[in-house]
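Report on one structure; see the data block that follows.
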Amino acid sequence: MAESEGARYCHKCSYVFLKFMLCAYAFIFWIIGGFILIIGIYAEVERQRYKTLHGVFLAPSIILILLGILMFVVSFIGVLACLRDNIGLLKVFMYTLAVCLLLELLGGILALLFRNQTIGLLNKSIRKGIVNYYDDLDFKNIMDHVQKKFKCCGGKEFKDWEVNMYHNCSAPGPSACGVPYTCCIAPNPNEVTNTMCGYKVLDKERLQLINTIHIRGCTDAFFIFLMDNYKIMAGLLLAILLPQFTGVILAWLYITRIEDSSLQTDGLLPEDREMKTHGRVTNWFMCLPVYD
């Protein structure tokens, strides 16, 4: 009798522990998802106020809204499922996390296997954004930051700026045949930035511009940065994938615990045992019956 009571006590502890861990996990990501969604909506409202182009190319606000909606909905399902011990919702939560995890891994593997095609697609997207550089403020801010951060210019090379109507060599105005000042080699800290430093550089050869602008394209600069900082990238990858994997494992363990306990209460235990009255904490957790 003592061994049976000890086993039931252990089962009850594992049930409550898994319930608490899964509820806490889902609740935390539910809050994070809601926070990201609010930031994305606010950013999109600001973007709609100031943008002149009706495209959404690389709009951070759109990315934040989609990510926030996904996290908020999936995490809410997880919270509801663990509170109500609903196996159907728990499986939806687990399978959704698993599918997202597999899609991310598959996307990363395909990007590595088809590296040249990935780079070509990225360069094509950047050139498309350069066309509307002065009309899409989101892309302009991103491109300026990337060019200053990675000390690069354009997508594949600095001559990508020819596709912009203001920087094309046949265009009128002072920006013709030039590049934005964020392509220029940064001056000394005490010097004032010359915003016209990229004047008339597109009709010159690369070697003539070594001391004027960054001639390396941003795509190559970005991949070089990834290879030079592979440890940081590996840590970032783990920070993204590990929480999802943890959620899948917690949901799976909790589902198996509920199913095992359901088998016990459905007939594997003697029917002549009386159920104990639940306490307040047990009722709140919706714990399974405990038998004498």
Side-chain angles (χ1 to χ4, degrees), residues 40 43-64 111 114-229:
E44 178 62 16
V45 170
E46 292 297 309
R47 191 175 79 93
Q48 292 292 338
R49 286 176 58 188
Y50 297 109
K51 74 169 187 175
T52 57
L53 183 69
H54 295 286
V56 294
F57 175 73
L58 287 181
S61 57
I62 301 299
I63 297 174
L64 289 175
F114 300 97
R115 183 172 178 270
N116 293 333
Q117 289 83 346
T118 303
I119 293 175
L121 180 62
L122 186 58
N123 286 332
K124 182 179 179 180
S125 299
I126 293 175
R127 286 174 66 89
K128 181 180 176 182
I130 288 175
V131 172
N132 304 307
Y133 174 76
Y134 290 104
D135 298 321
D136 193 333
L137 295 180
D138 283 326
F139 177 81
K140 183 179 185 301
N141 292 331
I142 292 173
M143 196 65 192
D144 286 342
H145 175 74
V146 169
Q147 289 185 149
K148 289 190 290 185
K149 172 70 177 178
F150 297 105
K151 298 179 179 180
C152 57
C153 187
K156 184 178 180 180
E157 59 176 351
F158 70 98
K159 290 193 176 182
D160 286 343
W161 285 100
E162 290 179 343
V163 299
N164 184 273
M165 60 183 296
Y166 299 103
H167 291 291
N168 190 279
C169 290
S170 61
S175 298
C177 221
V179 295
Y181 75 94
T182 52
C183 286
C184 299
I185 296 175
N188 295 326
N190 296 328
E191 294 182 12
V192 178
T193 302
N194 178 16
T195 57
M196 295 300 296
C197 57
Y199 179 72
K200 296 293 183 182
V201 298
L202 293 179
D203 57 353
K204 297 180 181 179
E205 297 298 325
R206 295 170 63 92
L207 295 179
Q208 297 178 271
L209 304 172
I210 291 178
N211 298 320
T212 306
I213 65 170
H214 300 291
I215 57 177
R216 183 171 56 189
C218 290
T219 306
D220 290 338
F222 178 70
F223 279 101
I224 291 173
F225 172 80
L226 291 182
M227 290 185 288
D228 290 342
N229 299 273

Mind listing the side-chain donor-acceptor pairs of residues 202-213 below 3.5 Å, one per line with the distance, residues two or more places apart or on another chain?
| residue | atom | partner | partner atom | Å |
| --- | --- | --- | --- | --- |
| Gln208 | OE1 | Glu205 | N | 3.0 |

query: Applying ring-ring contact (aromatic ring centres under 6.0 Å, His included), which residue pairs with at least one partner in residues 202-222 are found, sequence neighbours left out?
result: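 Listed by first then second residue: Phe150-Phe222.
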- prompt: Which disulfide bond (SG atoms under 2.5 Å apart) pairs, counting each pair once, include a residue from residues 115-163, with sequence neighbours left out?
  reply: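 Counting only pairs at least two positions apart or across chains, the disulfide bond (SG atoms under 2.5 Å apart) contacts touching residues 115-163 are Cys152-Cys218, Cys153-Cys183.
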- prompt: Any chance NZ of Lys124 has more than 12 other-residue heavy atoms, nucleotides or ligands included, within less than 6.0 Å?
  reply: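 Open.
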message: Taking CZ in Phe114 as the centre, count heavy atoms belonging to other residues, nucleotides or ligands within less than 6.0 Å. Is the count above 12?
response: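 No.
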If I take atom [atom1] from residue [X] and atom [atom2] from residue [Y], how far apart are they, to the nearest 0.5 angstrom?
X	Y	atom1	atom2	answer
Ile142	Lys140	CD1	NZ	12.0 Å
Phe139	Ile126	CZ	CD1	6.5 Å
His145	Lys148	NE2	NZ	8.5 Å
Thr219	Leu122	OG1	CG	4.5 Å

Donor-acceptor contacts under 3.5 Å from residues 158-182 side chains, at least two apart:
| residue | atom | partner | partner atom | Å |
| --- | --- | --- | --- | --- |
| Asp160 | OD1 | Arg127 | NH1 | 2.7 |
| Asp160 | OD2 | Gly155 | N | 2.9 |
| Asp160 | OD2 | Lys156 | N | 2.7 |
| Asp160 | OD2 | Glu157 | N | 3.4 |
| Trp161 | NE1 | Gln147 | OE1 | 3.3 |
| Asn164 | OD1 | Tyr166 | N | 2.9 |
| Asn164 | OD1 | His167 | N | 3.4 |
| Asn164 | ND2 | Ile130 | O | 2.8 |
| His167 | ND1 | Ser175 | O | 3.1 |
| His167 | ND1 | Gly178 | O | 3.0 |
| His167 | NE2 | Tyr134 | OH | 2.8 |
| Asn168 | OD1 | Ser170 | N | 2.9 |
| Asn168 | OD1 | Ser170 | OG | 2.6 |
| Asn168 | ND2 | Glu162 | O | 2.8 |
| Thr182 | OG1 | Asp144 | OD1 | 3.2 |
| Thr182 | OG1 | Gln147 | NE2 | 2.7 |

field: Residue pairs fulfilling salt bridge (Lys or Arg N to Asp or Glu O under 4.0 Å) with at least one residue in residues 215-226, sequence neighbours excluded
entry: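 For residues 215-226, and leaving out neighbouring residues, there are no salt bridge (Lys or Arg N to Asp or Glu O under 4.0 Å) pairs at all.
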